[in-house]
Every structure is written in C-alpha cells, then in structure tokens.
Amino acid sequence: MKFMKAMVRRDMIHLPSLLLLLATMGGGIGGVSAQTSGKLHLQIDPANSFSYKLDHHFTIQQTDLELLEGPHHFSFWAPQRKVVDTTVTITGGEDRIIQVRLPYSTEYLVYQRDLRSYEKRMRVMRLLPATVTGGALIFTGIKYANMKKAHDRLETDADAYDNATFPYAITVLKEEVIPGHIDEFEKARTAFRVSAAVTVAFAGVTTWLYLRSAKLPKPEFHDAEKVRFDGLSWMPGPNGGAWTGGLTWNFTR
Amino acid sequence: MRSLTPVLCICLALLLGCHKNDVDVAGLTSNPFDADHPGESTLFTVDSIQTETYGQGLYNKQTVVVHVHPEQFPAPTAYELRFIELTDPDTSYFYSNNEAGSNTFLCGNYQVALGTEYCYRFELVVAGEVVTTKEQCTVAEL
C-alpha cells in the first residue's frame, strides 16, 4: 500500500494501473474478484487548480476515473477553497458525472477583507498624500513660473532703462513701469514662497506617513484548508517556515 | 535619512529657485540721459571760446567750439545742440547733428565788445527734451 501511495503521488497517478491495483488487491485480500467498475467524470470549480483525495489515500488531479463499484470517499480541495468531503457510490458499468463547486474558505475571505483594508489604508497613507504633494508641487511650479516671468520683466525693464534714449521714457520707466513691475514681482514671490512652504510641509507629511505605513504588516494568507487537505507538510514562512499537520480520525471504521 | 532625501531635494530646489529683486529704482542712475545721472555730464564738452575780429577789424566775434560725444549715448539717436547767449537772452541757436554732419559745432556770437564778459548756456536736446546743460562765461579778449 505504501508503494502504491508513493507511485500515485510521484507520477500523478496512472488510473488504469490504479484501478488494476485496486482490483488486484481487492481480489487478493477479499476474494471479491466479481466486482465490476464504473466510470466517473468530475466537473470541479475551479477547473484547473483542484485536487482531491480518493478514499483518504490517493491525491489525484484527473477528472476522469474508473473505479470499482461501491462507495468511495472524495476530499476535494483547491487553493483558497474549502475542503469538501463527499462519498460517491459507484455502480458497476455505469458512467456518472459529478459537479462540485468548492466554496472559498473562511480564512481566504478574512484574508481578502484584511487585504482590502490594508490596501485602503495604504492608499490613504501613501497615494493620497503623494497626490496632494504632487498637486502642491505643480501649483508651486506654476507660481515659480509666474515669479520668473515677473523677474524677467524686471530685467527687461532694466535693459530698457540702460538703452533708453528718450528722457521721458526714462521718467516713465522709473516712476510708473518699474515700480509696478516690482510690486507684481513681490506678490509673485510671496505666492511662490507660501506655496513652496506648503509643498515642503506636504512632502514632510507624506514622508512621515510613508515611513509609518511601511511598518504596517501586510496580511498573509495561510491556507489552513491546504494543511487539512495535505496532512503533514512544510509551510515556508518569513522566519524559516514550520511543519504543519492535520490529523483525521475516522471513528466509523 | 534616506527617506528624507526627496523632502530635502524639494527644499533645496525651492531655495535655489527663489529669485530676488535685482532692480532698485533709486539705484537706476547709470543712463547718461537720466536726470539722476551722477557726476558731471560728459555727453558734450566746450573745447574752446575764442575772440577774433572780422569785417576788416571793425567787429569782434566769439567762436565757441563744442564737441558732442555720441559714443557715450546709451544708443545712437538724433540730437540737437542748443546754444543760448545769456548776456542777450533772446539770442539762441539750434544746431542739429544731421545738418552739421559731424559732432563738432562752431557756435558764433557776432557782436561782442572787448573786455566784456559773455556767458553762454549749452543744452543737449533729444526728442524735444533737454538731456544735459552746461554754462560757461568768458571775457572777450583778443
């Protein structure tokens, strides 16, 4: 039996061989060689990642089986899904189709809820402040452009003064144009300084929130149903992993 | 500390980007056409005032040589030189650089009496406005 189990696990089962082995063992042990077999087609949701244990012994992933008649126990499982136990009675010479939809496990639903909460907090602590800081940076850039424009206008005025050949133009420049442009420059510079200070404050807050959010533990999904399904298995983890195991005792036997 | 780098970079960029007002209206006096231009104007110079006789020695005149320096103008422009005889205020003459063809002007006072002091004012006029003035007096002597 150990040999058979090893063969099943290693080669992902060759069903005719399994059936033959079962039949041989059944005939050799019980002397019921008159037993016939029936075919079973499984339609499992999810279709590609499921596996199941047949009669508590063989881990199989195939959808078409040929089994000896009589009751057979199935434990279906897929990642993130609950283990579903059921017993199927095979009638000799009959083909059956079994449809099983594996429900999501409670741990996975809790994990999904925690993950959504974690991502929401991350959005609030990272994306939102970063967006606000980015907006403030753009606003500061606009204010900088205004200030630079006002500064350039003053430089143009200074050049105009240096090259002025009309005394009246010099008078207008010094008494009206340049003072007005200086006033505009001072306002633009004040607006730039205020927006720059706000941007720096936002950047500081963003950095602080970013650092703080980095300490928030990200939810991890531990598939307890897998442990239950696999039995003893190695679960790798951030601290090196651990051996985990599930114990099933069938009191009916 | 590494996480604070973006903040520090933003601060540095903002500090470097902050312009200061380089234009001081009170300090704008470098244009020689500006009334606030400091020092004595050198836009033109009175080179000489000479007294000489004419009309077979019957009359005396004073010839004033004035040299304008357009190279000191902020930009090439048309100008006029106004010559005013202050002793007889009704007498004034305009000399245009376009008519003179050069920057040296000979201004004449054709009725001078020897031993008498004559005062003259010279005005450099640009676009109808007086840019700078000078006054000079001299006694008519041969």
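Small disclaimer: the values here were computed from a predicted structure and weren't measured. A note on names: the letters A, B, ... follow the listed sequences, proteins ahead of strands, and every chain is numbered from 1. Below, each value reflects all heavy atoms present in this structure, side chains not excepted, and no hydrogens, waters or symmetry copies.
When each of A:His181, A:Glu175, A:Lys174 is checked for heavy-atom pairs under 4.5 Å with chain B, A:Lys174 comes out on top. Counting heavy-atom pairs under 4.5 Å between each of A:Trp208, A:Tyr168, A:Tyr161 and chain B puts A:Tyr161 at the top. Counting heavy-atom pairs under 4.5 Å between each of A:Ala158, A:Pro167, A:Ala188 and chain B puts A:Pro167 at the top.
Among all heavy-atom pairs drawn from B:Pro74 and A:Ala164, the shortest one is CG-O, 3.1 Å.
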Evaluate side-chain contact (heavy atoms from CB on, under 4.5 Å) for A:Ile182 paired with B:Val25, printing each intermediate quantity in order. CA-CA 9 Å; A:Ile182 286 177; B:Val25 178; 3.8 Å; yes
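Counting non-hydrogen atoms of other residues, nucleotides and ligands closer than 6.0 Å to CD of B:Gln111 gives a total of 12 or fewer. Residue B:Glu71 places its CD atom among more than 12 non-hydrogen atoms of other residues, nucleotides or ligands, all under 6.0 Å distant. A:Asp159 CG: more than 12 foreign heavy atoms inside a 6.0 Å radius.
A distance of 5.0 Å separates CD1 in A:Ile178 from CG in B:Leu28, rounded to the nearest 0.5 Å. The structure places CD1 of A:Ile170 at 5.0 Å from CG of B:Asp34, a figure rounded to the nearest 0.5 Å.
Contact of B:Phe33 with chain A is made through backbone and side chain together, with heavy-atom distances under 4.5 Å. Neither the backbone nor the side chain of A:Phe202 comes within contact range of chain B, judged by heavy atoms closer than 4.5 Å. Proximity to chain B is limited to the side chain of A:Glu186, based on heavy atoms less than 4.5 angstrom apart.
The stretch residues 122-142 of chain B places B:Val126, B:Ala127, B:Glu129, B:Val131 near chain A, each with some heavy atom under 4.5 Å from a heavy atom of that chain. Along residues 45-65 of chain B, no residue comes nearer than 4.5 angstrom to chain A, judged on non-hydrogen atoms. Taking non-hydrogen atoms and a 4.5 Å limit, the residue list of residues 112-125 of chain A in contact with chain B is empty.
In terms of the side-chain contact (heavy atoms from CB on, under 4.5 Å) criterion, residue partners of B:Ala113 (sequence neighbours excluded) are, by chain and number, B:Thr116, B:Tyr118.
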